[in-house]
Amino acid sequence: MGKGKDKLMLIDGNSIIYRAFFALPPLTNSNGLHTNAVFGFTTMLLKVLEQEKPTHILVAFDAGKVTFRHEGYAEYKGGRQKTPPELSEQFPLLKEVIGSFSISQFELAGYEADDIIGTLSRKAEEEGQEVVVVSGDKDLLQLASDKVTVLLTRKGVSEVEKYSPSDVDEKYGLKPLQIIDLKGLMGDPSDNIPGVPGVGEKTALKLLHEYGTVENVLDNIGNLKGKLRENIENNMENARMSKQLATIYREVPLDMTVEDAAWSGYDASTLAAAFRKLEFKSLLERLDLHGADDAAVEKVAKAEYEMVIVGSAADTWNQLNDALPKAEAVLVESAGDNPHQAEMIGLAITAVDRIYVLQPEQLKASEAEELIAWLAEPDRPKTGYDLHRVQLVLSRSGVKLCGQAFDVQLAAYLLDPTEADPSLSSTLSRYGLPTVPSDEAVFGKGAKFHVPPLEELAAHLAAKADGIRRLKPVLAEQLDKLGMRRLYYELEQPLAIVLANMEQQGIKCEGAALQELGKDFQRRIDETMKEIYRLAGMEFNIGSPKQLGEVLFEKLGLPVVKKNKTGYSTDAEVLEKLEPHHEIVRQILHYRQMTKLQSTYIEGLTKEIRPDDGKIHTYYRQTIAATGRLASQYPNLQNIPIRMEEGRQIRKAFVPSEPGWCILAADYSQIELRVLAHISGDERLKEAFLQEMDIHTKTAMDVFGVPKEQVDANMRRSAKAVNFGIVYGISDYGLSQNLHITRKEAAAFIEQYFSVFQGVRKYMDSIVEQARRDGYVTTLLERRRYLPDITASNFNLRSFAERTAMNTPIQGTAADIIKLAMVKMDEALRERNLQSRMLLQVHDELVFEVPEEEFETMKVLVPQVMESALELDVPLKADVSFGSNWYEAK
DNA sequence: GAACTCACG
DNA sequence: ACGTACGTGAGTTCG
């Protein structure tokens, strides 16, 4: 080292491989060797190499079982689960891969990777060199300084977050060294560091913001009170020791220097051999593009295509038109979140080794005729990214899109519906393909959004189109491999087109009806507001939870039921408990209800009525929900009020768009419990549906062991709550909250339920076990959701994952079924040449507008299609109703 | 932009 | 011992 631009990267090998192991689904090569952790580590490594471009690099590992920390505390890291063999066997592989990168690695008996990193970073820092530390463990934040940056992995290992001292301050309000004190107070169950019982992160931070260090907390123990003081007093020694255990030792006797970690890049052929051995195909492909130039680690893919800006030279239109028969990927870039409004920025079309880029105005040119015909031709298959959106954006320029054959966004969603960053740029890097700059980097975001000059814009669009083209075979192969071929090609891809058509059709909404209702709401808001001010004896902002809390709990002295991060909680659950104490509470509940209706629905929906057609055009997001459900945006038409009569009135504004037509609504009856009956195979539950019984009454009869006549309203209500709980992934705590009973009573209910519905219990146990074994759960149609937290040591994370394992196959299969019904319904309407239109989906309900002469047909057809969408061991049931508006269709 | 609250299935 | 029911979108307040 010595030159100013040198940069030392220190990687916490154990921490990263451990994280990678648990974050990635099990992965084996053809020899049955587990490789997921090595794969995760390697992708992370490639990412940080590219991002940071270090000149020196070293991976540190823990060595041996006993370290100097055990001298003072024999239980250190005790009670920790043994490293799973599937992970142990990957350590030698990883070390080989690191060797193939020509990267130094180091371990020293008696010390942990942390300590080696701490020592080397100190040495480098003393020489004034820049250091980057990479780990998954936030303890390492204690090393942050003006020379040392810490990169912590997020979301498994696929992303890293940079921490300078000011970032540490921003996140925790602490100086880097105080991270040690934090751990001293909190402890760390995974390392068996005790800390102080009852003190979690929040309490620890509060104490440290006040007192700064563990020692100072202990010195000022007199200022504390209650249980907290008692806990700390009884654990003073634990706190001191825990702090010591968490302190990284920065004076390890190393016989190596920073210069020994010098790195000048890897040899591509050596690395390729290692990847080939491990069968890292996607990484191999990425590597090949780096070519023979072994110094250039991060070189972006050498363009393998020629970019043609259409219109830039005389014959470019001819070139494009001649290339159309071989065109493959189409990219349409647009600005704005709402695709019904987004402005087109540009287009790119790939054809063999050329990529044609066009500006939106050029679609109006006479030469564009062939391109427009190609876009509209169903027999010309197109690959794209978010073709649903592309279809909407193009259609607003009068251009029709057909032949949607493959959508990389949709495919990537099916492969991992929980991926946080679905952008093309991120998807490319996830699948080990040459990356493209992020849209944010090119366009900026928020107020800084701008369209760059043509050359730059065209280069970006071409790169993205190229990325789409490269992703297609990779994703298509994955879909095949994971058994999602049919789910993709027969359900999701056709559905995307159905959705776009529904959205373009829109639903008519009477602005005048909303305004009338709004006047009524406003009157009641004004009255209630006055009454609240009178009862409070002052005027304040009722909409501010902070001010409301002060009035209720300080001025009026009502009992505090629940607190949240920022102070008193004032949510509906709290207010309902406070209702008997003061008249003001009822008024506040009413005020909340009315203002919600006024702002979200009256005002919100009014803004979304398009003046040209008097309709609302929502946008269904097909790639958002982790379970496979749709989500509705701009506006959300899946949460229009129905439970309370006042809000339900809103539905009167939703009317047919043609005179003499009516609204038809059809909803699945108890679809989730029917799905549960099917997948669990529980005989009692199946029987209940075969007998067409009221399911909650039937549950009450079975759980309470009484005949039908003896089931009272209360018993039915309890049974209903238990049924909900079952679908959500039951916990005694959740049920007790819902029914306002004790946890014990809730647990007894659940036990009673399971003793009757033994098949359901078996299913719940086996699905959780399956999730642990495979790392994911699936729906009937093989939709998949990974649950990395299912093996977490953190109770909360693990419990959440377990409930999710129980719920996702149920909610997801229900989503599969209604999606199937939608695709079939669309076909049925076409086949029969019906004029009726499918307008909305609300998870278990479909809404249509129907001309009078089709009433009778639709009344039969809709439930028939819905009920036969998928054959289960129990019948599916759909109820239909008609009305002159959505309110009447009930 | 995060936190809180609340509308729906 | 831990402290949440599952899945969403959107409006308001406030730092």
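From a predicted model like this one, the values you see are computed outputs, not experimental measurements. Chain letters run A, B, ... following the sequence lines, proteins first, then strands; residues in each count from 1.
- If you check every strand for non-hydrogen atoms under 4.0 Å, A:Ala801 touches nothing.
- Comparing A:Val722 and A:Ala625, the nucleotide of DNA chain C nearest to each residue sits closer to the 5' end for A:Val722.
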Can you give one letter per nucleotide of nucleotides 4-9 of chain B, 5' to 3': B if a protein heavy atom sits under 4.0 Å from the base, S if only from the sugar-phosphate, - if neither?
SSBBBB
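- Counting non-hydrogen atoms of neighbouring residues, nucleotides and ligands closer than 6.0 angstrom, the OH atom of A:Tyr533 exceeds 12 such neighbours.
- Among the protein residues, A:Ala814 comes within range of no part of the nucleic acid, since none of its heavy atoms lies under 4.0 Å from any strand.
- Ionic pairing of A:Glu751 and A:Arg761 is present here: one or more N-O contacts between side-chain nitrogen and carboxylate oxygen are shorter than 4.0 angstrom.
- With A:Asp667 as the fixed residue, the side-chain contact (heavy atoms from CB on, under 4.5 Å) test singles out one of A:Asp879, A:Val880, A:Leu846, A:Val842: A:Asp879.
- C:dA1 atom P lies 11 Å from atom NZ of A:Lys227, rounded to whole Å.
- Under the 4.0 Å criterion applied to side-chain N and carboxylate O atoms, A:Arg716 and A:Asp694 are assigned as salt-bridge partners.
- Ring pair A:Tyr634/A:His617: centre-to-centre distance not below 6.0 Å.
- Salt-bridge formation is not detected for the pair A:Glu888/A:Lys652: no Lys NZ or Arg NE/NH1/NH2 atom is positioned less than 4.0 Å from an Asp or Glu carboxylate oxygen.
- Here C:dG9 is the nucleotide among C:dG9, C:dG3, C:dC14 with the atom lying nearest to any side-chain atom of A:Gln633.
- Remark: C1' of C:dT4 and CZ of A:Arg803 are 4 Å apart, rounded to the nearest angstrom.
- B:dC6 and C:dC2 are spaced 28 Å apart, taking the C1' atom of each and rounding to whole Å.
- With respect to the salt-bridge test (charged N to carboxylate O, under 4.0 angstrom), the residues A:Arg621 and A:Glu503 do not qualify.
- Across all strands shown, A:Thr595 has no heavy atoms under 4.0 Å from either base or sugar-phosphate atoms.
- In this structure, the CG atom of A:Asp337 is 10 Å from the P atom of C:dA10, given to the nearest Å.
- Evaluation of A:Phe800 against the base of C:dT4 yields no stacking contact (centre distance < 5.5 Å, interplanar angle < 30° required).
- Residue A:Lys720 contributes atom NZ, which lies 16 Å from atom C1' of C:dA5 at whole-angstrom precision.
- One atom, CZ of A:Arg743, and another, P of C:dC2, lie 10 Å apart when rounded to the nearest Å.
- For the C1' atom pair drawn from B:dA7 and C:dG3, the interatomic distance equals 26 Å after rounding to whole Å.
- Taking atom CG on A:Leu637 and atom P on C:dG9, their separation rounds to 13 Å, with Å as the unit.
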Run the salt bridge (Lys or Arg N to Asp or Glu O under 4.0 Å) test on A:Asp789 and A:Arg798 for me, step by step, so that the C-alpha distance in whole Å, both residues' side-chain angles and the decisive distance to 0.1 Å come before the verdict.
CA-CA 5 Å; A:Asp789 290 342; A:Arg798 191 177 62 245; over 6 Å; no
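- Following rounding to the nearest Å, A:Asp789 (CG) and C:dT4 (C1') show an atom-to-atom distance of 14 Å.
- As judged by a 4.0 angstrom heavy-atom cut-off over every strand, A:Asn541 is placed among residues touching the sugar-phosphate backbone only.
- A straight line from CG of A:Asn235 to C1' of C:dA1 spans 14 Å, rounded to a whole angstrom.
- Note on ring orientation: taking the six-membered ring where Trp is involved, the planes of A:His696 and A:Phe724 are parallel (angle under 30°, cut-offs 30° and 60°).
- Heavy atoms from other residues, nucleotides or ligands lying under 6.0 Å from CD of A:Glu170 number 12 at most.
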Under the 3.5 Å Watson-Crick or G-U criterion, the dot-bracket string of DNA chain C, with | for inter-strand pairs
.....|||||||||.
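- Applying the 3.5 Å distance criterion, the base of C:dT4 shares no donor-acceptor pair with the side chain of A:Ser799.
- As judged by a 4.0 angstrom heavy-atom cut-off over every strand, A:Gly729 is placed among residues making no nucleic acid contact.
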